[in-house]
Amino acid sequence: YLDLSTPIELGSRARGVYLTPIISSILISLMVMVAYGLLLNEANRTRKSFLFFVICLFIIAIFLTRSRVGLWALVCMILLFVFLNLNLRRKFFPTMLIISFLTLIGFLVYLGVAQNIFPTTGKRERTISTDVFKKSQAIGMRVYSWKKGFEALDKRSLTLVGLGPGGYNYYNPEAHTTHNLYLSLFFDFGIMGVVFIFSIIFTSIRAFNNILRHQKTYLQN
């Protein structure tokens, strides 16, 4: 577990990929799903064993980031995949019971060893902490950052076209980030940016509808 709350000079542009535990955990979650898609279509036992090992290793890495976002993003992706996959959907409830059981076991094991991995701070383990609704914590900070974004747009009358690429961070350096993809697009690119991104989402969903009925290859999975 790396403390990335302070800048670390690594001399590489790749540092941005793993800049925070949240980004790291979500990227690892995506890799878990890619490995799982490969596993479903792999016939070679050696490769299947390797992919299973990789999935377990990635899941442990997600726990070690101590990111609620990454952990629950992985759970949501797995649930969605089980629901959308033709083969798994036929055995939806048994599959869900197995996945839920394994997730619970992994989580309990993680909590059991967490105190031996991380320094004792006297606080509840971060992944199950309930203080996110406090004003000074996650939810309160997000509401504050969203408010600053709307104020910047209103002050400069740029609701249609936005503050420009990186404009939110420029006008609100103390807010750091919006913690919301869609509002971030809205603040930087305005209404036109939101229309653009939702047109891409709509097109993707329309194309995705065909894949739901044809899942014979790894790429379709």
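A quick note: this is a predicted structure, and the numbers were derived from the prediction, not measured. One-based numbering along the sequence shown.
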Beyond-backbone contact of [X] with [Y], side-chain heavy atoms, under 4.5 angstrom:
X: Val32; Y: Ile62; value: yes
X: Leu74; Y: Phe58; value: no
X: Phe52; Y: Cys56; value: yes
X: Phe186; Y: Leu153; value: yes
X: Ile55; Y: Leu39; value: yes

Would a single hydrophobic cluster contain both [Y] and [X], if residues Ile, Leu, Val, Met, Phe, Trp and Tyr are joined by side-chain heavy-atom contacts under 4.5 Å?
X: Ile78; Y: Phe83; answer: yes
X: Met31; Y: Leu80; answer: yes
X: Leu212; Y: Leu86; answer: no
X: Phe189; Y: Leu181; answer: yes
X: Leu183; Y: Phe198; answer: yes

Inter-residue atom distance [X].[atom1] - [Y].[atom2], 0.5 Å rounding:
X: Ser204; Y: Asn209; atom1: OG; atom2: CG; answer: 12.5 Å
X: Thr65; Y: Ile26; atom1: OG1; atom2: CD1; answer: 9.5 Å
X: Tyr171; Y: Lys155; atom1: OH; atom2: NZ; answer: 9.5 Å
X: Met192; Y: Leu185; atom1: CE; atom2: CG; answer: 13.5 Å
X: Phe92; Y: Thr95; atom1: CZ; atom2: OG1; answer: 8.5 Å

Problem set entry | Centroid-centroid distance, Phe187 to Phe150, less than 6.0 Å |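 Here the rings of Phe150 and Phe187 have centres that are less than 6.0 Å from each other.
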Above 12 or not: heavy atoms from other molecules or residues under 6.0 Å from [atom1] of [X]?
X: Arg89; atom1: CZ; result: yes
X: Tyr170; atom1: OH; result: no
X: Arg45; atom1: CZ; result: no

Problem set entry | Pair Leu38-Arg47, side-chain contact (heavy atoms from CB on, under 4.5 Å): steps then yes or no | CA-CA 9 Å; Leu38 281 168; Arg47 292 177 182 174; over 6 Å; no
For this session: For the pair Val75 and Trp72, evaluate side-chain contact (heavy atoms from CB on, under 4.5 Å) and give the outcome as yes or no after the intermediate values.
Result: CA-CA 5 Å; Val75 171; Trp72 297 117; 3.9 Å; yes
For this session: Starting from the C-alpha separation in whole Å, work towards a yes-or-no answer on side-chain contact (heavy atoms from CB on, under 4.5 Å) for Val194 and Tyr182.
Result: CA-CA 7 Å; Val194 174; Tyr182 303 104; over 6 Å; no
Exercise. Counting only N and O atoms by type, is there a donor-acceptor contact under 3.5 Å from the side chain of Asp188 to the main-chain atoms of Leu163?
Worked result: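 Looks like no, no N/O pair under 3.5 Å.
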Problem set entry | Stepwise side-chain contact (heavy atoms from CB on, under 4.5 Å) check, Leu40 with Phe81 | CA-CA 12 Å; Leu40 289 178; Phe81 189 80; 3.6 Å; yes
For this session: For residues Ser29 and Met77, report the shortest heavy-atom separation together with the two atoms involved.
Result: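 Closest approach of Ser29 to Met77, heavy atoms only: CB-CE, 3.2 Å.
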Problem set entry | Heavy-atom pair of closest approach, residues Asn44 and Thr46 |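 Answer, listing the atom of Asn44 first, then Thr46: OD1-N, 2.9 Å.
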